[in-house]
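So the structure is just underneath, and the comments pick up after that.
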Amino acid sequence: MSTARLAVLRTAIRTQPGEWTTHRVLRLYAKHGLRVPFRGTARRDLAQATREGLLTLDDTDPDRRVFRATRHLTCP
């Protein structure tokens, strides 16, 4: 895993609330000039952020895989 790529994702999760999906992660990487050609890479990075406690899977909609920032990161 690219440490630079994960650092960009970690910072974004902490500073940008809302839903995190593979599509959003790929747009974030493109914005920062990071070349990530596959959704699987974004999925693995989201899984890593979840293991680190930064994200929680919101599985209320079985047709979408959405992650949300862990509550303690977004609340003062």
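Basis for what follows: all heavy atoms, side chains included, without hydrogens, waters or symmetry-related copies.
Using a 4.5 Å heavy-atom threshold, the side chains of Trp20 and Asp45 count as separate. Taking 4.5 Å as the limit, some side-chain heavy atom of Thr21 sits within range of a side-chain heavy atom of Arg64. Between Thr41 and Arg5, some side-chain heavy-atom pair lies under the 4.5 Å cut-off.
Shown here is Arg27, whose CZ atom has more than 12 heavy atoms of other residues, nucleotides or ligands within 6.0 Å.
Put simply, Leu54 and Val66 are part of two different groups of oily side chains (I, L, V, M, F, W, Y) that touch within less than 4.5 Å, one to the next. Val8 and Val36 fall within the same hydrophobic cluster, where Ile, Leu, Val, Met, Phe, Trp and Tyr residues are linked whenever their side-chain heavy atoms come under 4.5 Å apart, directly or through other members.
For the atom pair CG of Leu46 and CZ of Arg51, the computed distance is 10.5 Å after rounding to the nearest 0.5 Å. Atom CG of Asp58 and atom CZ of Arg65 lie 11.0 Å apart (nearest 0.5 Å). Atom CG of Leu55 sits about 4.5 Å away from atom OG1 of Thr50, to the nearest 0.5 Å.
Looking only at distances, no side-chain donor or acceptor of Arg39 sits under 3.5 Å from a matching main-chain atom of Thr22. Remark: the backbone N or O of Gly53 is paired with a side-chain donor or acceptor of Thr70 at under 3.5 angstrom.
For Arg10, the salt bridge (Lys or Arg N to Asp or Glu O under 4.0 Å) partners two or more places apart in sequence, or in a different chain, are Glu52.
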